[in-house]
Amino acid sequence: MVSWLSTRLLNISIASMCKAQQLVKAEVALIDGIRLGVLPDVVTYNTLIDAYCRFISIDDGYSVLHRMREAGIKPDVISYNSLIAGAARKCLLSRSLDLFEEMIQMGIHPDLRSYNILMDCLFKLGKPDEANRVFRDIILSDLHPSKATFNILIDGLCKNGYASNALMLFRNLRHRGFVPNIVTYNVLINGLCKARRLVAASKILKELEISGHEPNAITYTTVMKCCFRCKKLERGFEILSEMRSKGYTFDGFAYCTVIAALVKTGRIEEADYIIHQMQRSGIVSDVVSYNTLINHYCKQGRLDDALNLLDELEEAGLECDQYTHTVIVNGLCKAGNIDGAQQHLNYMNALGFNNLVAFNCLIDNLGKAGQIDRAMKLFKSMEFKDAFTYTILVHNLCRARRFLCASKLLVSCLKSGFRTLKATERAVLGGLRGIGYTNEARKLRSKIQSARLPH
DNA sequence: TATTTAGCGG
């Protein structure tokens, strides 16, 4: 009894150290405990596994699994769930799937949470069919799906392009007595907003309000972002002040959403004002907030300020991601340093960041700087292209009055299955006619029309 | 003791 009680006390103190990210202290407590005859149990080790996965790495979490086996304690479903969820959080999705397999091979039965995480991983990997199969298995087994199960399902459907199915599922579940929580509402509102189903989204928002739940900061940020995306700036700012008047504290998410919208629409002074507020509240602490600010400076051609922030980011122990590098490439272009931008693009590629936006940006700026042949060369070197890549290059070829080349590229864009803009087509057709190539213009027109027909 | 939601680039 006494020893059980002491182990329980040991676990409580280790849990609080882990929560405070004091893992060295937690390890010392573990050793002290053992020295005093207080033996750690499965809970002690599971707490450590979770903390290592959250704050250090999956490998460190996994080594705790070995340590517990050596100590004669068998890992259980919670040990594995912590590892699987930890890997998923760090976007190591195939590692999660491997760990799930390993758990089964060890003879440990997955529980509802294991299936929930597995389903989430499969959705995140863009495998909705497999995720749906996991859901079916949950239903067919004697596990009762929880709110989290349905939330993951609705979120996964939305993120895989099935927002309408998610909405149908939600309606269906409501009829069967399912009581959604705030996460359900937020997930669905976000999915519908992203699918541009604004009417449906506001209907769900209304339902949320009459359901007795209070919209939270996440709901507000989601709806605000949606307004900005749909160019309803003023409505977005109204939501912002409503959020403030209701006393919600602004976090990095809300600040970055607002700043990005202001920067995008060229409202520099307002952006500066909000940035000042954000910096004063001391929440510029992650890569995304740095990227938002670096972008703000790059857009204005204030490259020195941007590079200073880049130093600050690294001094804070953070690592640049593909967005940081893309913003820098864009900034170098905007400052007229095309060669520097090309060098930075090569550098980011060498680091393994193959960002299409950065390529598109450089192609556009090469074209605008009159270096259309370099732009073509860069285009040909690209492994992946999107509709923007083609559109940008076609417009720049028109600018250089190389209409025949632009026409050929427009056709290959259509052949690749990308949609083209009316303005792009007009630029090429008008250009061809302008230089007397009316026959070519006619041929291009009919190719565009046949590409529009359903196959 | 463990699972789900929101933010940045052309």
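Below, each value reflects all heavy atoms present in this structure, side chains not excepted, and no hydrogens, waters or symmetry copies. Sequence lines set the chain letters: A, B, ... in the order given, protein chains first and strands last, and positions in each chain run from 1.
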Inset, instruction - Identify whether any heavy atom of A:Val43 sits under 4.0 Å from a base atom; if not, whether one sits that close to sugar-phosphate; answer base, sugar-phosphate or nothing. - result: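 Since a base atom lies under 4.0 Å of A:Val43, the category is base.
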
Inset, instruction - Begin with the C-alpha distance, continue with both residues' side-chain angles, and end with the deciding distance and a verdict on side chain to side chain donor-acceptor pair (under 3.5 Å) for A:Arg113 and A:Asn116. - result: CA-CA 5 Å; A:Arg113 286 186 192 207; A:Asn116 284 351; over 6 Å; no

From [atom1] of [X] over to [atom2] of [N], roughly how many Å is that when rounded to an integer?
X: A:Ile108; N: B:dA2; atom1: CD1; atom2: C1'; result: 14 Å
X: A:Leu157; N: B:dT4; atom1: CG; atom2: C1'; result: 13 Å
X: A:Asn291; N: B:dC8; atom1: CG; atom2: C1'; result: 6 Å
X: A:Asp111; N: B:dT3; atom1: CG; atom2: P; result: 12 Å
X: A:Ile218; N: B:dT4; atom1: CD1; atom2: P; result: 12 Å
X: A:Ile204; N: B:dT5; atom1: CD1; atom2: P; result: 19 Å
X: A:Leu143; N: B:dT3; atom1: CG; atom2: P; result: 18 Å

Check whether any side-chain N or O of [X] sits under 4.0 Å from OP1 or OP2 of [N], and answer yes or no.
X: A:Asn190; N: B:dA6; result: yes
X: A:Arg8; N: B:dT1; result: no
X: A:Lys194; N: B:dG7; result: yes
X: A:Lys264; N: B:dG7; result: no
X: A:Asn151; N: B:dT5; result: no
X: A:Arg89; N: B:dT3; result: yes
X: A:Lys159; N: B:dA6; result: yes

Quick one: which of [options] gets closest to the side chain of [X]?
X: A:Gln322; options: B:dT5, B:dG9, B:dA2; answer: B:dG9
X: A:Lys299; options: B:dG9, B:dA2, B:dT1; answer: B:dG9
X: A:Val288; options: B:dG9, B:dG7, B:dA2; answer: B:dG7
X: A:Thr257; options: B:dT4, B:dG9, B:dG7; answer: B:dG7
X: A:Asn46; options: B:dT5, B:dC8, B:dT1; answer: B:dT1
X: A:Thr222; options: B:dG9, B:dT3, B:dA6; answer: B:dA6

Legend entry - Sub-6.0 Å ring centroid separation between A:Phe353 and A:Tyr347: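 Not close enough - the centres of the two rings lie 6.0 Å or further apart.
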
Legend entry - A:Phe379 ring center within less than 6.0 Å of A:Tyr390 ring center: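 Yes.
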
Inset, instruction - Using the six-membered ring for Trp and the full ring for Phe, Tyr or His, decide whether A:Tyr323 stacks on the six-membered base ring of B:dG9 (centres under 5.5 Å, planes under 30°). - result: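 So no, this residue does not stack on that base, at least one cut-off failing.
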
Inset, instruction - Give a yes or no on this: more than 12 heavy atoms of other residues, nucleotides or ligands lie within 6.0 Å of atom NZ of A:Lys25. - result: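 Not buried by this count: 12 neighbours or fewer within 6.0 Å.
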
Legend entry - Distance in Å, A:Leu208 CG paired with A:Asn186 CG, rounded so as to fall on 0.5 Å steps: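 Nearest 0.5 Å value for the CG-CG distance: 7.0 Å.
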
